[in-house]
Amino acid sequence: MSELKNDRLLRALARQPVDVTPVWIMRQAGRYLPEYRATREKAGDFLTLCTTPELACEVTLQPVDRYPLDAAILFSDILTIPDAMGLGLYFVEGEGPRFECPVRTQRDVAALTIPDPETELRYVIDTVRLVTHALHGRVPLIGFAGSPWTLATYMVEGGSTRDFNRVKGLMFEQPRLLHTLLETLADAVTQYLNAQINAGVQAVMLFDTWGGVLTPRDYESFSLDYMARIVAGLTREAAGRRVPVILFTKNGGQWLEAMAASGCDALGIDWTTDLGQARQRVGQQVALQGNLDPAALYASPARIREEVDTVLASYGEGSGLVFNLGHGISPNVDPEHVAALVDAAHVLSVKYHVE
């Protein structure tokens, strides 16, 4: 593996000194980039783009070729695991993901098998290898997976949902069955992330997109406990470096203390939580990542700069912050506005890292 030329991200996640605050952007490889749209058109559809390692590698590299970002993130989808379980993933334009075979009964859950990352998910692991080789140590590569709860919501609902009636109905009526499903998914995610680490990713992130729809009691039992189980099962050192784990629950600001106790290295924070207050609450336990409102990128570059400054000031002096959006970038954002964000994060953060 090549010597890492820019290790700001890994240093910040370990709360070690950095010269400037590192920055990367959730969904940084996406439809707002004209080069991404061209590659997507070449692929023909989203699933082909995800499952063709050469094309997935190409789009993973596009944002780090265009901007001075401090990390690349693997281009993939959180639903690769349920797709590899044979549920028949497909995408409906304007509606999002759907499954031909939802998981709703004891028989459905019992029929699930954990996919082997080197066979059923080989295309993802091959993409990691291609990207790692192409980056040649320029910046770290972040791998990721969906949390068991988030994956279960799609599997039980059969796709995207606004009300979560089916999965919550299962949770209240047949909690043991849902726990069995979550246990299977936790094992699958652990194996999947470890395969990504083995193939070359230098940090991993768990996306718990839908943990925030749960009550505090149910969040701990049906979401956080399984993420903690995954964290405990991950390979934490590779190529002579610690492999940090970032845990992100959208709308999870009320549970930061419990999340920080999960064994992770960093917490992703969305824009509904004040970064300074989050830092006070978690203390020295974990680093933080976030948390600019993605809608700020619709404003002028000058206004974006002001908002970046506000986020940096809210965190304050010292390391332990990775600058990011509070969720994914929107598809119709001007690429020049992203350039303004990255530049502002680097330039304006210098004063917070003076020894």
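Keep in mind that this is a model prediction, so the values were computed, not measured. Along the sequence shown, the residues carry numbers beginning at 1.
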A.B. asks: How long is the straight-line distance from CD1 of Ile25 back to CZ of Arg27, given to the nearest 0.5 Å?
C.D. replies: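 That separation rounds to 12.5 Å.
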A.B. asks: Does Gly320 offer a backbone N or O that forms a donor-acceptor pair with the side chain of Arg15 under 3.5 Å?
C.D. replies: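 Checking the backbone N and O of Gly320 against the side chain of Arg15, no donor-acceptor pair under 3.5 Å is found.
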A.B. asks: Ignoring hydrogens and angles, tell me if any N or O in the side chain of Glu157 forms a donor-acceptor pair with the backbone of Asn165 under 3.5 Å.
C.D. replies: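 Judged by distance alone, yes, a pair lies under 3.5 Å.
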A.B. asks: Could you tell me how the ring of Tyr67 sits relative to the ring of Tyr32: parallel (under 30°), tilted (30 to 60°) or perpendicular (over 60°)?
C.D. replies: parallel
A.B. asks: If you take all heavy atoms of Val139 and Leu69, which pair is closest and at what distance?
C.D. replies: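 Nearest pair, atom of Val139 first, then Leu69: CG1-O, 3.4 Å.
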A.B. asks: Any non-hydrogen side-chain atom of Pro34 less than 4.5 Å from a side-chain atom of Arg66?
C.D. replies: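 The answer is yes, as the side chains (C-beta and beyond) meet within the 4.5 Å cut-off.
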A.B. asks: Is there a path from Met155 to Phe172 through hydrophobic residues (I, L, V, M, F, W, Y) whose side chains come within less than 4.5 Å of each other?
C.D. replies: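 Cluster IDs for Met155 and Phe172 match.
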A.B. asks: Starting at CG of Leu4, measure out to CD of Gln202 and round the result to the nearest 0.5 Å.
C.D. replies: 5.5 Å
A.B. asks: If you take the centroid of each ring, where Trp contributes its six-membered ring, are Tyr154 and Phe99 closer together than 6.0 Å?
C.D. replies: no
A.B. asks: Please round to the nearest 0.5 Å and tell me the distance separating atom CG of Leu141 and atom CD1 of Ile197.
C.D. replies: 11.0 Å
A.B. asks: Determine whether a donor-acceptor pair (N or O, by modelled atom type, separation under 3.5 Å) exists between the side chain of Lys168 and the backbone of Leu214.
C.D. replies: no
A.B. asks: Run the numbers on Gln191 and Ile81 for side chain to side chain contact (heavy atoms under 4.5 Å, CB included), then give the verdict.
C.D. replies: CA-CA 11 Å; Gln191 291 183 30; Ile81 287 175; over 6 Å; no
A.B. asks: Heavy-atom count around Glu183 CD within 6.0 Å, excluding the residue itself: above 12?
C.D. replies: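 Yes, CD of Glu183 has more than 12 neighbouring heavy atoms, counting only those of other groups under 6.0 Å.
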A.B. asks: Are any non-hydrogen side-chain atoms of Asp83 and Thr80 less than 4.5 angstrom apart?
C.D. replies: no
A.B. asks: How many angstroms lie between atom CG of Leu224 and atom CZ of Arg229, to the nearest 0.5 angstrom?
C.D. replies: 12.0 Å
A.B. asks: Of the options Asn198, Leu193, Asn194, which is the one that meets Gln196 in a side chain to side chain contact (heavy atoms under 4.5 Å, CB included)?
C.D. replies: Leu193
A.B. asks: Under the 3.5 angstrom rule, does the side chain of Thr150 hit a backbone N or O of Trp210 as a donor-acceptor pair?
C.D. replies: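 Judged by distance alone, yes, a pair lies under 3.5 Å.
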A.B. asks: If the threshold is 4.0 Å, N to carboxylate O, is there a salt bridge linking Asp65 and Arg138?
C.D. replies: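 Looking at Asp65 and Arg138, the cut-off is met.
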A.B. asks: I need the minimum non-hydrogen distance between Gln62 and Glu35, along with the two atoms involved.
C.D. replies: NE2-O, 3.2 Å
A.B. asks: Side chains of Phe144 and Ile246, heavy atoms from C-beta outward: is any pair under 4.5 Å?
C.D. replies: no
A.B. asks: To the nearest 0.5 angstrom, please state how far the CG atom of Asp274 sits from the CD atom of Gln280.
C.D. replies: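 With rounding to 0.5 Å, CG (Asp274) is 8.5 Å from CD (Gln280).
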A.B. asks: Would you call the rings of Phe222 and His179 parallel, tilted or perpendicular, taking 30° and 60° as the class edges?
C.D. replies: parallel
A.B. asks: For the pair Gln174 (side chain) and Leu170 (backbone), establish whether a donor and an acceptor sit closer than 3.5 Å, ignoring hydrogens and angles.
C.D. replies: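 Not a single qualifying donor-acceptor pair exists.
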A.B. asks: Taking side chain as C-beta onward, heavy atoms only, is Leu234 less than 4.5 Å from Val243?
C.D. replies: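 Sidechains of Val243 and Leu234: no contact.
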A.B. asks: Is it the case that one hydrophobic cluster holds both Leu112 and Leu178, taking links as side-chain heavy atoms less than 4.5 Å apart, direct or via other members?
C.D. replies: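 Yes; Leu178 is reachable from Leu112 via cluster members.
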A.B. asks: Pair up each side-chain donor or acceptor in residues 333-347 with any protein partner under 3.5 Å, not counting sequence neighbours, and list the distances.
C.D. replies:
residue, atom, partner, partner atom, Å
Asp334, OD1, Glu336, N, 2.8
His337, ND1, Leu297, O, 2.8
His337, ND1, Ala299, O, 2.9
His346, NE2, Asp70, OD2, 2.7

A.B. asks: Looking at side-chain heavy atoms only, is the closest gap between Leu79 and Leu151 below 4.5 Å?
C.D. replies: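 With C-beta onward as the side chain, the pair touches.
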A.B. asks: Check whether any side-chain N or O of Tyr352 sits under 3.5 Å from a backbone N or O of Leu348 as a donor-acceptor pair, and report yes or no.
C.D. replies: no
A.B. asks: Answer yes if Leu247 and Val282 sit in the same cluster of Ile, Leu, Val, Met, Phe, Trp and Tyr residues linked by side chain heavy atoms under 4.5 Å apart, and no otherwise.
C.D. replies: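 Shared cluster, yes.
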A.B. asks: So Asp45 and Phe91, do their side chains get closer than 4.5 Å, heavy atoms only?
C.D. replies: no
A.B. asks: Does the salt bridge (Lys or Arg N to Asp or Glu O under 4.0 Å) test come out yes or no for Arg37 and Glu41, once each step is laid out?
C.D. replies: CA-CA 6 Å; Arg37 294 195 297 272; Glu41 194 171 334; over 6 Å; no
A.B. asks: Quick one, Asp225 with Leu182, criterion side chain to side chain contact (heavy atoms under 4.5 Å, CB included). Give me CA distance, side-chain angles, the key distance, then yes/no.
C.D. replies: CA-CA 10 Å; Asp225 283 356; Leu182 293 168; over 6 Å; no
A.B. asks: Does any donor atom in the side chain of Trp149 or Tyr219 lie under 3.5 Å from an acceptor atom in the other side chain?
C.D. replies: no
A.B. asks: Which pair of heavy atoms, one from Thr51 and one from Pro53, lies closest together, and at what distance?
C.D. replies: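 Reported closest heavy-atom pair: O-CD, 3.4 Å.
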A.B. asks: If only atom types and distance count, is the side chain of Thr52 paired as donor or acceptor with the main-chain N or O of Glu54 below 3.5 Å?
C.D. replies: no
A.B. asks: Under 3.5 Å, side chain of Asp7 to main-chain N/O of Leu10, donor-acceptor pair present?
C.D. replies: no
A.B. asks: Please find the pair of heavy atoms, one from Ala152 and one from Leu181, that lie closest to each other, and give the distance.
C.D. replies: CB-CD2, 4.0 Å
A.B. asks: Checking Thr105 against Asp108: is there a side-chain donor and acceptor pair closer than 3.5 Å?
C.D. replies: yes
A.B. asks: Within the distance-only criterion (no hydrogens, no angle test), does the side chain of Thr132 pair as donor or acceptor with the backbone N or O of Val128 below 3.5 angstrom?
C.D. replies: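 A pair under 3.5 Å: yes.
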A.B. asks: Begin from the C-alpha positions of His353 and Thr21 and carry the test side chain to side chain donor-acceptor pair (under 3.5 Å) through to its verdict.
C.D. replies: CA-CA 8 Å; His353 299 287; Thr21 300; 2.8 Å; yes
A.B. asks: Would you kindly confirm whether Val18 and Leu13 end up in one hydrophobic cluster when ILVMFWY residues are joined by side chain heavy atoms under 4.5 Å apart?
C.D. replies: no
A.B. asks: Specify the closest pair of heavy atoms between Ala12 and Ser319, including all atoms of both residues, with the distance to one decimal.
C.D. replies: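 Scanning both residues, the minimum pair turns out to be CA-OG, 3.6 Å.
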A.B. asks: Answer yes if the side chains of Glu220 and Trp255 hold a donor-acceptor pair under 3.5 Å, and no otherwise.
C.D. replies: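 No donor-acceptor contact under 3.5 Å links the two side chains.
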A.B. asks: Could you work out the complete set of other residues in the hydrophobic cluster of Val20, with links drawn between I, L, V, M, F, W and Y side chains under 4.5 Å apart?
C.D. replies: Val350
A.B. asks: How far does OG1 of Thr60 sit from CG of Leu135, to the nearest 0.5 angstrom?
C.D. replies: 8.5 Å
A.B. asks: Pairs under 3.5 angstrom only: tabulate donor-acceptor contacts from the side chains of residues 257-271 to other protein residues two or more places apart or in another chain.
C.D. replies:
residue, atom, partner, partner atom, Å
Glu257, OE1, Arg281, NH2, 2.9
Glu257, OE2, Arg281, NE, 2.8
Ser262, OG, Met259, O, 2.7
Ser262, OG, Cys264, N, 3.4
Asp265, OD1, Arg242, NE, 2.9
Asp265, OD1, Arg242, NH2, 3.0
Asp265, OD2, Arg236, NH2, 2.3
Asp265, OD2, Val245, N, 2.9
Asp270, OD1, Thr272, N, 3.0
Asp270, OD1, Thr272, OG1, 2.5
Asp270, OD2, Asn251, N, 2.6

A.B. asks: Going through the checks in order, is the side chain to side chain contact (heavy atoms under 4.5 Å, CB included) test met by Leu275 and Leu288?
C.D. replies: CA-CA 8 Å; Leu275 204 52; Leu288 297 176; 4.2 Å; yes
A.B. asks: Within a 6.0 Å radius of atom CZ on Arg31, are there more than 12 heavy atoms belonging to other residues, nucleotides or ligands?
C.D. replies: no
A.B. asks: Quick one: does any side-chain atom of Asn324 pair with a main-chain N or O of Met26 as donor and acceptor, under 3.5 Å?
C.D. replies: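 Looks like yes, one N/O pair under 3.5 Å.
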A.B. asks: Take atom CZ of Arg166 as the centre, draw a 6.0 Å sphere, and report whether it contains more than 12 heavy atoms from other residues, nucleotides or ligands.
C.D. replies: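 Open.
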A.B. asks: If every non-hydrogen atom of Val189 is compared with every non-hydrogen atom of Gly146, which pair is closest and at what distance?
C.D. replies: CG2-O, 3.6 Å
